[in-house]
Amino acid sequence: MSSATVTTHPTAADAPVAGPAVVVENLRVAFAGREVVHGISFAAERGSCLAIVGESGSGKSVSARSLVGLAGPGAEVRADTLAVGGLDVRGFGERSWRRVRGDRIGFVLQDALVSLDPVRPVGREIAEALRVHGVVPRSGRREKVLELLRDAAVPEPELRAAQRPGELSGGLCQRALIASALAADPDVIVADEPTTALDVTVQAQVLELLADLKRAGRTIVLISHDLSVVAHLADHVLVMAGGRVVEEGPAGQVLGAPREPYTRALLQAVPGAGTRGQRLSPAPQVPLPPSPGRRRSAPGADGSPVLAAHGLVKDFPLPDGGRLRAVDDVGFSLRAGSTLGVVGESGSGKSTTARLALALESADRGSVELHGAAWSGLAEKHRRGRRGAISVVSQDPLSSFDPRWSVEQVLLDAVPGADHPTAAARRARVADLVARVGLDPAVLGRRPLTLSGGQRQRVAIARALAPDPDVVVLDEAVSALDVSVQAQILDLLVDLQQAFGLAYLFISHDLGVISHLSDHVLVMKDGRVVEEGHPEQLFTPPADPYTRRLVASLRRLETRPALERTTP
Amino acid sequence: MTTTTTRPEAPAAARPARAARPRPGVLFTGLAAVVLGVAAAAPWLLAPADPDAIDLAATLQPPSPTHWFGTDEIGRDLYTRVVHGAGQSLTIGVGAAAVALLLAVLLALAATLAPGPVATATDRVIDVLFAFPTLLLALLLVSVLGPAPQTLVVAVGVGVAPGYARMVRAQLLGARRSPYVEAATALGHRRTRIVARHVLPNALRPLVAVFALSVGQCVVWASSLSFLGLGVAPPASEWGALLEAGRAYVTVAGWLVVLPGLAIVALAVTATALGRALQSHLEPGE
C-alpha cells in the first residue's frame, strides 16, 4: 500500500493546485461481491458545495464515505480517479488514511452524540485532533481549541470545552464535532447528513456555519436526503438512485427545473404549505372499500368537537427533586374530518400532549373530553370500552408491535371481538384493513421486522383503523420515512380522512408536513402554545419569534421557482 | 484500477448479515450433547461393564487402552464410573435448574405484577437473597435438610434462584413498559389479556435458553457440594462424589480428579453452548 504518497502536511507554501478539490471518476463500491455503487463520477470545485441527494439505499452515503476511506467493513472501492485535495487516495492503507483524514479531509457525521466520546470533554476531543495532526505546539493547543469552538459558533467556548457531550444540546454537539473536523484546517469537508438529527432552528445554525466555511474557501461534499438543506447550501447537485447518478447539474437547475422524472417526483414529494390538497406521490389512490365497521352516531355531525382539551398541565419529577413542566396550559379542539397539527422541537411537549390526549398519561391539571364526555381523569376500566374511538400511530411502528407476532396476528389482535364475534369475521376485517392501507395481502404472514419502513407504517395505520376510530393521534408518524415513502403515507392519510371522516391530531417537528396536512396548527415551545392558527396564517408574518424562525427554515425550499405539479 | 479493502473501522452501518450456515462450534456442541444424552439415558451402550466391579489386582492404574480413564484405589474402572455417573449428575443439574427457574419466575412475578406493597416486599426479599453467596445459601439448606441427592437439587436450585429472579424481574419490567404493551393499552385491551398475551410470553421466552445455561451452572455447584461431602454419598459415581473420592490420591493418581473434573467442565460447557445457540436462534435479532 502506498503510504509514501503523503509525506508532508499542507503548509502555506502548498499553494492550492488548480482544478477541482474532489475528482471522482467511475467509482464502484461493492460489499461481498455485490455492487452497490455502479460507476459514478463527479467533481467539486474549490470553495463550492457539492450535494449528493437520494433516498436510503441510493448509495449516496457509501460514495461519500469512500472519499475518506470509511466506506465500511469489507467494502471494495474501485475507481479510475479518486482524488481529494490533489491527492490520489486510491490504494490508501489505513495508516495513510489516518494521516489524511482530519488533515486534508474533514468528516462530519450525522449523529454527534454517538460520534463524540461520551466520557471525554469536547475540548479534549478537539485537542486530540490537533495533537494527532501536529497542527499547533502543545502550549498553543488550548487557545486553538477555544478558537475552533468560537469559529464553530459555540457560545461560551471556555465552559463548553470542559463539558462532556451528554451535557450539551444536540446542536452544540454537532457544532463541536464540526470544530474537531476542522481542527487541522482541512480543505475538503465531507458532511454525511450533518443536520438530520437536529431540530429545525438548530439545523439552520449548523447550515449557516457550513455556509461560512464554504465562503472561507473550503470545499464541502454534502450528503442529505433533505432537499431544503441542499437548496440552502449546494452549488452543484447530484441526484442518486440505486447506486447510479440520475441527474446532475447546478443546484438552481436541478432543484428548480429538473429534467428527470425521478428528480421531479422526489421534489414533488416534499410537502409544504403550497402542496395542500395536492397528491404528493405519483402512486394512484388506493380504491377504498366501503367500511363494514360500526359507525357511531355520526360523530361531530352537529359541529361539536370530537376531542377537546382545556388547560392541560403536566409536570415530570426531575432527579434533583425539581419538576419539569412538560406541558403548560395547552388547550385545543378537534372536529370530525379535520386535522389539528402540533409542531415544535424535541422537548417542546408535543408528544406529551399526544399522550395526554390518548389518556396514556394523566394530566396534573386540565381535562380532555372525547365526544363531549369526560375522558381524562377517569379510571382506566371506565375508559377501556371507549378506547376504540381514539387510536394512535407512532414514529417507530416496529417497537409498537409485539416482536413475536406476524402482521396478521398484530391486526387480528386489534380488531374488536365485540363487533366481529367470529374468527372468520375478524379475518375478513383484517383483509379489508390491509386493502384499505394499500398493502399486499402477502405481508400478513410476515413479521414486521422483515418489512420496509413504509410497509410497517401502513401496518400501524391499519391497526389504528381496526377499531373504527373517530380520532387518530399521529405522533411523528412519517418522520422516519424517506421523502417519497412519506409522500405515499401522507396521501394515504388524506384519502382515509376523506373516506371515513377521521379527525387527526398530527404531531410533527416538520412544519412542511404539518402545513401540508393541517386545518389548524399549534406551534409549541417549552410546553406552551406560542402561536396557533390556520397554516396560511402562520406564514403571513407570524407574531411569535420562534414561529418566524420555523417558517424561515421552511421558506428556503419554497422560494424556489415553483414546480409544475401533476395533479392526478 | 486499484482495489482497496477498508478494514473494519467504520461503524457497523453496512455490516453484512450474519451467515446462516451452521458453525463448527454448533455441530461439536450437538455431538457432545448427544454423547452426554446417551451416557445419561443408556450408559451401558457406552460402557457395558459394571461401574462397581472391584478388581484388586489393578488398583490405581493410569489411563491405558484397557482402562481409558485408569482405575481407582480398589480397581474400579473410572471411565465406566464416569459414564454411569452422567445420569445422576445431569438429573441433579436439570432438577436444580428447574427448581431455580420456577422459584425465580414466582418471585419475579410477585415483584412485578402483584399489588404495590407485596411487590415492594418481594423486591427487597430478592435483593437480600441475592446478597447471599450462592454456596452459603446452599450450604445452609443442606445442613438443615441433611445430605442427599434430593437435598442437593433443592439446595442448589434455591442457591442460584435469586440471580435468575432479578433477571426475570428485569425482563418482566422491560416487557411491561414496552411500546407494544402501550399500544395494546391504547387499543383498550384488559390488563390480564395484555399480561397473558404480551408481557409473559415476551419476558419468559428467553428462559428457554437460560434454562440450558443454568443446567451447566447447577452441575458445577452440585459437584462442589458433593466434593465437600455434602451431596451424594461416595459409593455412587456422581461426578462431584468421584472428585471427592479421588481427592486423597491427587498426588499419586491425578487422573482420578482431573478426568471427572474434565467431564464436569464438558457438561457445563455443552449446556452453556447449547443455551447460547438456542438464545441466538430464539431471540428476534437485528
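These numbers come from the heavy atoms of this one structure, side chains and all, not from hydrogens, waters or symmetry mates. Below, chains carry the letters A, B, ... as their sequence lines are ordered, and counting in each starts from 1.
Contacts of A:R463 with chain B are made by both backbone and side-chain atoms, with heavy-atom separations under 4.5 Å. Of the two parts of A:D396, neither the backbone nor the side chain holds a non-hydrogen atom closer than 4.5 Å to a non-hydrogen atom of chain B. Neither the backbone nor the side chain of A:S391 comes within less than 4.5 Å of any heavy atom in chain B.
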Fill in: From CA spacing to verdict: salt bridge (Lys or Arg N to Asp or Glu O under 4.0 Å), B:E182, A:R355
CA-CA 10 Å; B:E182 188 168 280; A:R355 294 174 55 81; 2.6 Å; yes

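No more than 12 heavy atoms of other residues, nucleotides or ligands sit less than 6.0 Å from atom CZ of B:R276. Within 6.0 Å of CZ in A:F316 there are more than 12 heavy atoms belonging to other residues, nucleotides or ligands.
For the set A:S66, A:S399, A:A466, the entry with the most heavy-atom pairs within less than 4.5 Å of chain B is A:S399. Ranked by heavy-atom pairs under 4.5 Å with chain A, the first of B:A175, B:P201, B:A184 is B:P201.
Rounded to the nearest 0.5 Å, atoms CZ (B:R197) and CG (A:D402) are 10.5 Å apart. Once rounded to the nearest 0.5 Å, the distance linking CG of A:D413 with CD1 of B:I194 reads 9.0 Å. With rounding to the nearest 0.5 Å, the separation of CZ in A:R384 from OG1 in B:T185 is 8.5 Å.
Side-chain atoms of B:Y180 and A:P403, non-hydrogen and from C-beta on, do get closer than 4.5 Å to each other.
When all heavy atoms of A:R404 and B:H198 are compared, the pair lying nearest together is NH2-CA, 4.4 Å.
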